Amino acid sequence: MKLHEISVKRPVAVLMCVLIILVLGSVSFSKISVDLMPNINLPIAIVSTSYSGVAPEEIETILTKPIENTIATVNNIKSIQSISSEGNSIIIAEFNSGTDMDFATLQMREKVDMIKGYLPNDINNPMVMKLDPNMMPILNISITNNHNEMTLKQFSDEYIKPRLERLEGVASLGVTGGRTKEIQVNVDPEKAAGYGISLNQIMSVLQTENLNLPGGAIEYADKKLLVRSTGEFKNIEQIKNIPLTLPNGIVLYLHDIADVAHTNKPVDSYSRTNGKSSISLSLQKQTNANTVSVTRAVKNELSIIEKEYPDLNIDIVFDQGNFIEKAISSVANNAVIGGLLAVLILFVFLKNMRTTFIIATAIPISIISTFVLMFFAGVSINIVSLGGLALGVGMLVDNAIVVLENIYRHHSEGYTKVEAALTGTKEVGRAILAS
């Protein structure tokens, strides 16, 4: 039997199938991720390299051009653009549409690794990354209180950031603003030159003295103990008293040729909220995580933190989850209103409650059954998919009217209800399926 024959001759079986689909659709709907837009694979990759304290002309000569030339040999490259600025080189590679960006970025990393030996030793490792809309922060948080910026920055780094990063779906959390402590060693160039000590020598001594090294293991009774030598600096006085040995055997100390100060790191960015200095947190989600669920979990955790520390003022500056909820709600409401208006207009023209009820029940059943396919296909609920469902409602109503009108025509010609349903559906079935 064909589908229309089964639907007419096996009503109980069809009803059970519909109920199964409704249950599966309801479960699938609760598990489908909600996002603003569908996953977009942009065919663009970026190579970013930093070399602090170098002018743009030198950046272009020693970084941008060599990396650009080797990137040009990667397959499926469409165009390459580069930006050389003070201390930074950015190369933007556009690939042909449909390129596997995971494989393309892997090729780019291999090419960059091949020329690393020809690049300056003190540059930061070149970062190769594909352009992904999910890299944008989904939540910006501002934290203020009455304490100094240094204490607030340290508290945010050591307590708030780890707490939020433990939440499911959170990928990383960037902290900006505030001040950070650092120890500056300001060498007097005239004194250092007089003693024949170079800056490289001082840097080497600082690096080798500030280390904790493993010392092997010793057996004590029935225990095996790990040994290590602790050499990391505990206070500023230890740094001032680092010995520097001259070629003639004379020993100097670092404080003889340099001023060692415990001060703040120079500020290159500021964060303010309502005119007050603040700490800004930028949260990024995992690629497959539900944006709305992640933002809700983070906001719940922030409310708990506020209760534990009443002196903190935590404000949500930007919330993509809230924006998505409003956008999705607006599209969903339009789809519901459109369906209700379609049913109302059908009743006005058909003037038959039973016929109108058939079309009215077909709309939600079809939409809920679509959620099953969306879940197994990995499609999220977003503006595009909901827009497609809204368009599908209109098409569903049109098709239902065509089938019902043809059945009604055969019934008016003397066919029984069953014969009219079978014959009328058979005549337009292929056309409806094709549309």
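Everything numeric in this text was worked out from a predicted model, so none of it was measured.
- Listed by first and then second residue, the salt bridge (Lys or Arg N to Asp or Glu O under 4.0 Å) pairs involving residues 195-208 amount to none (not counting sequence neighbours).
- Side-chain contact between Ile432 and Val402: present, with at least one pair of heavy atoms (C-beta onward) separated by less than 4.5 Å.
- The distance from the CD1 atom of Ile90 to the CE atom of Met127 is 9.0 Å, given to the nearest 0.5 Å.
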* Before giving the answer on side-chain contact (heavy atoms from CB on, under 4.5 Å), spell out for Leu63 and Val54 the whole-Å C-alpha distance, their side-chain angles and the decisive distance to 0.1 Å. => CA-CA 11 Å; Leu63 283 182; Val54 181; over 6 Å; no

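- Of the possible polar contacts, one joining the Thr370 side chain to the Ser366 backbone as a donor-acceptor pair under 3.5 Å is found.
- The two residues Ser85 and Ile59 make their nearest non-hydrogen contact at O-CG1, 3.6 Å.
- Around the CD atom of Gln81, the shell of radius 6.0 Å holds no more than 12 heavy atoms that belong to other residues, nucleotides or ligands.
- With a 4.5 Å cut-off on side-chain heavy atoms, Ile316 and Asn140 do not count as touching.
- Sparse packing is recorded around CZ of Phe323, with 12 or fewer heavy atoms of other residues, nucleotides or ligands lying under 6.0 Å away.
- Counting heavy atoms of neighbouring residues, nucleotides and ligands inside a 6.0 Å radius, atom CG of Leu19 exceeds 12 of them.
- Ring geometry for Tyr309 versus Phe155: interplanar angle over 60°, hence perpendicular rather than tilted (30 to 60°).
- Between the Ser204 side chain and the Asn200 main chain, no donor and acceptor come within less than 3.5 Å of each other.
- Counting only heavy atoms from C-beta outward, the side chains of Asn76 and Phe103 never approach each other to under 4.5 Å.
- Taking 4.5 Å as the limit, every side-chain heavy atom of Asp259 sits out of range of all side-chain heavy atoms of Asp188.
- Between the CG atom of Asp100 and the OG1 atom of Thr105 there is a distance of 8.0 Å, given to the nearest 0.5 Å.
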* So Ser142 and Ser278, side-chain contact (heavy atoms from CB on, under 4.5 Å) or not? Walk me through it. -> CA-CA 6 Å; Ser142 172; Ser278 63; 3.5 Å; yes

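- The line from CD1 of Ile324 to OG1 of Thr291 is 4.5 Å long, rounded to the nearest 0.5 Å.
- Between Ile123 and Tyr51, the shortest heavy-atom contact is CG2-CG, 3.5 Å.
- Counting only residues at least two apart or on different chains, no ring pair (Phe, Tyr, Trp, His ring centres under 6.0 Å) pair has a member in residues 170-189.
- Contact annotation: the side chain of His255 approaches that of Asn241 to within less than 4.5 Å [non-hydrogen atoms, C-beta and beyond].
- With Ile141 as reference, Leu164 is the one residue of Ile160, Val175, Leu164 to meet the side chain to side chain contact (heavy atoms under 4.5 Å, CB included) rule.
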* **From CA spacing to verdict: side-chain contact (heavy atoms from CB on, under 4.5 Å), Leu254, Val260** => CA-CA 8 Å; Leu254 186 60; Val260 183; 4.0 Å; yes

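- Annotation: side chain of Leu206 is in contact with side chain of Ile239 (closest heavy-atom distance under 4.5 Å).
- To the nearest 0.5 angstrom, Ile368 atom CD1 is 12.0 Å from Ile363 atom CD1.
- Within 6.0 Å of CD in Glu86 there are 12 or fewer heavy atoms belonging to other residues, nucleotides or ligands.
- Counting heavy atoms from C-beta outward, Thr295 and Gln320 have side chains that stay 4.5 Å or more apart.
- Put simply, the side chain of Asp256 never gets that close to the backbone of Leu252: no donor and acceptor are under 3.5 Å apart.
- Few gaps surround CD on Glu94; more than 12 heavy atoms of other groups in view lie less than 6.0 Å from it.
- For Thr70 (side chain) and Pro66 (main-chain N/O), no donor-acceptor pair under 3.5 Å exists by modelled atom type.
- Every residue two or more places apart in sequence or in another chain that forms a salt bridge (Lys or Arg N to Asp or Glu O under 4.0 Å) with Arg296 is listed here: Glu325.
- Checked against side chain to side chain donor-acceptor pair (under 3.5 Å), Gln238 has no partners two or more places apart in sequence or in another chain.
- Thr144 and Leu152 get closest at one heavy-atom pair: CA-CD2, 4.0 Å.
- A donor-acceptor contact shorter than 3.5 Å is absent between the side chain of Asp315 and the backbone of Val317.
- Remark: Ser385 OG to Phe371 CZ distance equals 8.5 Å, nearest 0.5 Å.
- Atom CD1 of Ile143 and atom CD1 of Ile314 lie 5.0 Å apart (nearest 0.5 Å).
- With a 4.5 Å cut-off on side-chain heavy atoms, Thr99 and Asn96 count as touching.
- Around the OH atom of Tyr195, the shell of radius 6.0 Å holds no more than 12 heavy atoms that belong to other residues, nucleotides or ligands.
- Heavy-atom contacts from other residues, nucleotides or ligands closer than 6.0 Å to CE of Met129 number more than 12.
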* Just do the side-chain contact (heavy atoms from CB on, under 4.5 Å) check on Leu386 and Ile381 with the steps written out, would you? => CA-CA 7 Å; Leu386 279 183; Ile381 296 177; 3.9 Å; yes

* To do: Step by step, work out the salt bridge (charged side-chain N to carboxylate O under 4.0 Å, His left out) result for Glu308 and Arg163.
  => CA-CA 13 Å; Glu308 295 176 354; Arg163 241 178 112 162; 2.7 Å; yes

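- Remark: the backbone N or O of Ile91 is not paired with any side-chain donor or acceptor of Ser48 at under 3.5 angstrom.
- The number of heavy-atom neighbours closer than 6.0 Å to OH of Tyr253, taken from other residues, nucleotides and ligands shown, is 12 or below.
- Among residues two or more places apart in sequence or in another chain, the salt bridge (Lys or Arg N to Asp or Glu O under 4.0 Å) test is passed with Lys299 by Asp319.
- Looking at Asn382 and Ser380, their side chains do bring a donor and an acceptor atom within 3.5 Å of each other.
- For the residue pair Ser82/Thr64, the side-chain donor-acceptor check at 3.5 Å is not satisfied.
- For the salt bridge (Lys or Arg N to Asp or Glu O under 4.0 Å) test, residues two or more places apart in sequence or in another chain that qualify with Asp113 are Lys116.
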